[in-house]
Student: 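Got a structure for you, written out below as structure tokens; questions coming shortly.
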Amino acid sequence: MADEAKAKGNAAFSAGDFEQAAAHFTDAIALAPGNHVLYSNRSAALASIHRYADALADAHKTVDLKPDWAKGYSRLGAAHLGLGDAASAVAAYEKGLAIDPANEALKGGLADAKKAAAAAAAPPRRAPSGSGADAIGQMFQGPELWSKIAADPAARAYLDQPDFMHMLREVQRNPSSLNMYLSDPRMMQVLSLMLNIKIQTGPPQDADLPQTSSPPPPQQEQPEARAREVEPEPQPEPMEVSDEDKERKERKAAALKAKEAGNASYKKKDFETAIQHYTKALELDDEDISYLTNRAAVYIEMGKYDECIKDCDKAVERGRELRADFKMVARALTRKGTALAKLAKNSKDYDIAIETFQKALTEHRNPDTLKRLNEAEKAKKDLEQQEYYDPKLADEEREKGNEMFKQQKYPEAIKHYNEALRRNPKDVKVYSNRAACYTKLGAMPEGLKDAEKCIELDPTFSKGYTRKGAVQFFMKEHDKAMETYQAGLKHDPNNQELLDGIRRCVEQINKANRGDISQEDLQEKQSKAMQDPEIQGILTDPIMRQVLMDFQENPSAAQHHLKDPGVAQKIQKLISAGIVQTR
């Protein structure tokens, strides 16, 4: 658990979330208070957010726990340097280099510390003559400044405030600048610590004095000043890897290589070799269920469906234990369902395959899984239909339906026709007879659908055309009915029912053209026509719109348009639909 918290801290540090990193390292320390690396890492995180006093305490703890670890002195030096105690930082880095002379981080830290020490030792700039701020400001040059601030509960919080740290460093570089910051109560508090006296930082409660203005904002630090300031950003110490962890990582790496080799063999269709590689990967690492799902895929290709199902079951069970990605669990279930569907071709039991695909979809709605589910459901339906198929019983049911039709018991007839179609779904006679029942009952859309099914199953079946034409005629779609009858005559030119149908359609169309129908019937006919996509297409065609306009305004031009067979045919459709009327 400590390692887990430590890993979270390292991740947060790498992401730049130093507050969160420090919190995770604190959790880890609570679980493993004797681990020096944890204090080192928390020191780095705290230093990164300029909490140098706390970083210094952690660095001391690191060195106390493991005095012979050079990295601890690097943390110690960084914290001292952050607090402005360059001399102590130099001493810390030198101790670390005595343990590890080749450590580049310590060498770089020592160089920075020496530069800071040299800058602090340089003669300070003098304030104008007569000013006492320079002498007082000298007190801010010593290393005891930071220890006194860190030791005072009220002043310690100031170390986390960037503007305050800027003021302190400016006073250290230029003692005479203290005058600029004395109006800040925080600076007065620090000054009282340095002088070991209590300074009144505000007016007495009974004093009749005006309120002081808010302290001026700190001046922007100049580039050259920032260049002199040293703020190291130490990286956290990586987790110490035990021999056991090292071996575990090596085994995982070897397992991944075996998986890659298995994938290459699978692509080459060398399935036996692929099985060997995936098996080796499983032996090396049982915490990655992809090795099981990959081997299961190979078993499917080899037709070893039982072995595939075993691997998929193991993958699901192990995936639950490891809290694996739900997509991986769904993949295992999909491959199991695929194997079960293959077996169902012989066992005739598609239910378990369908159930497995449905479980996979609850884990992850993958399009491939959905496709396989639909295929399994269709296969089950086809199988059931095949098992129910019995042409002899279908004929018996059709005859029963015919008897009910003769007795004008149309709903009962439809029930028998339905059963006949379940027994033999390709019997065109049953579709034709059921279409006639629907027509009698006024269910025109259903009748039209059955008539079209007749023609689809057998384009030469004349009865299908007469049924369809009759439905269209009753729907007052006389032009469409005539087209249907004409299509039927191509297969059976002497069919009297088709010829009679055409005659009736011509009569109705001529009647409409002469205006011999009621206004109500005309409006109904026009309303239906306007819902016809073909009629809509004609009316929205720019050329046809011009033709119709010429019919009204320029009859001679209209006659010229009629010489075009395509235009003439469209005009005839509009006339038949009642949209265009002739006088």
Side-chain angles (χ1 to χ4, degrees), residues 1 4-5 7-8 11 15 248 251-252 255-256 258-267 269 271 274-275 277-388 422 425:
M1 292 178 66
E4 184 179 351
K8 290 180 180 178
R248 180 169 171 267
R251 288 172 67 85
K252 281 186 173 292
L256 285 173
K259 176 185 175 181
E260 291 171 0
N263 293 346
S265 297
Y266 179 84
K267 291 178 181 178
K269 298 189 180 298
F271 300 132
I275 291 291
H277 286 305
Y278 293 137
T279 302
K280 181 180 178 181
L282 280 168
E283 293 170 353
L284 291 167
D285 179 14
D286 67 345
E287 294 183 349
D288 189 337
I289 65 173
S290 69
Y291 308 144
L292 282 166
T293 57
N294 282 18
R295 191 169 69 177
V298 180
Y299 281 137
I300 290 176
E301 295 291 339
M302 298 173 73
K304 296 182 177 181
Y305 305 124
D306 291 333
E307 286 84 348
C308 168
I309 292 169
K310 289 177 183 177
D311 270 2
C312 291
D313 285 339
K314 289 179 185 176
V316 172
E317 181 181 359
R318 190 67 175 130
R320 304 284 191 213
E321 293 174 359
L322 298 170
R323 297 182 181 178
D325 187 348
F326 56 85
K327 293 181 181 179
M328 293 298 297
V329 175
R331 182 181 300 172
L333 289 168
T334 298
R335 288 184 179 166
K336 178 182 178 181
T338 302
L340 289 168
K342 297 282 188 182
L343 290 172
K345 291 181 179 180
N346 294 322
S347 68
K348 311 299 182 185
D349 182 9
Y350 283 93
D351 287 338
I352 187 171
I354 291 171
E355 181 183 353
T356 304
F357 285 132
Q358 289 171 339
K359 286 181 179 178
L361 289 171
T362 62
E363 297 288 338
H364 174 57
R365 195 164 183 81
N366 183 284
D368 179 63
T369 305
L370 184 60
K371 177 185 175 184
R372 293 176 186 273
L373 171 62
N374 292 335
E375 289 173 350
E377 290 176 336
K378 183 179 183 301
K380 178 186 176 182
K381 184 178 179 181
D382 291 344
L383 178 63
E384 290 173 346
Q385 203 167 56
Q386 289 173 12
E387 292 176 343
Y388 204 70
R422 281 194 286 268

Student: Going by heavy atoms in the side chains, are K359 and V316 under 4.5 Å from each other?
Tutor: no

Student: Can we say K252 and D285 salt-bridge, meaning some charged N sits less than 4.0 Å from an Asp/Glu carboxylate O?
Tutor: yes

Student: Distance from D311 atom CG to D306 atom CG, nearest 0.5 Å?
Tutor: 11.5 Å

Student: Does some side-chain heavy atom of F271 sit less than 4.5 Å from a side-chain heavy atom of Y266?
Tutor: yes

Student: Only counting residues at least two apart or in another chain, list the ones meeting side-chain contact (heavy atoms from CB on, under 4.5 Å) with Q358.
Tutor: I354, L373, E377

Student: Please name the pair of heavy atoms, one in A255 and one in A281, separated by the smallest distance, quoted to 0.1 Å.
Tutor: O-CB, 3.5 Å

Student: R295 side chain to H277 main-chain N or O, any donor-acceptor pair under 3.5 Å?
Tutor: no

Student: If I take atom CD from residue E287 and atom CZ from residue R248, how far apart are they, to the nearest 0.5 angstrom?
Tutor: 5.0 Å

Student: Got L370 and F357 here, is their nearest side-chain heavy-atom distance under 4.5 Å?
Tutor: no

Student: Do K280 and Y278 have side chains that approach each other closer than 4.5 Å (heavy atoms only, starting at C-beta)?
Tutor: no

Student: Check Y305 against I300 and note the closest heavy-atom contact, atom names and distance.
Tutor: CE2-O, 3.7 Å

Student: I want to check something: taking the side chain as every heavy atom from C-beta on, are Y299 and I275 in contact at a cut-off of under 4.5 Å?
Tutor: yes

Student: Should the pair K314-E317 be classified as a salt bridge under the 4.0 Å nitrogen-to-oxygen rule?
Tutor: no

Student: Tell me the closest heavy-atom pair linking A339 and C308, and the distance in Å.
Tutor: CB-SG, 3.8 Å

Student: Closer than 4.0 angstrom, basic N to acidic O: yes or no for K378 and D382?
Tutor: yes

Student: Got a second to check how far D288's CG is from R318's CZ, nearest 0.5 Å?
Tutor: 10.5 Å

Student: According to side chain to side chain donor-acceptor pair (under 3.5 Å), does anything in residues 330-355 pair up with another residue at least two apart or in another chain? List the pairs.
Tutor: D313-K336, T334-T369, T338-R372, D351-K380

Student: Measure across L340 and I309 and return the closest heavy-atom pair with its distance rounded to 0.1 Å.
Tutor: CD2-CD1, 3.5 Å

Student: What I want to find out is whether E363 reaches R320 closely enough, with some N-O distance under 4.0 Å, to be called a salt bridge.
Tutor: yes

Student: Look up atom CG in D325 and atom OG in S290, then write down how far apart they are to the nearest 0.5 Å.
Tutor: 11.0 Å

Student: Give me the atom names and distance for the closest heavy-atom approach of A296 to C312.
Tutor: CB-SG, 3.7 Å

Student: Between I352 and T356, what is the shortest heavy-atom contact and its length?
Tutor: O-OG1, 2.8 Å

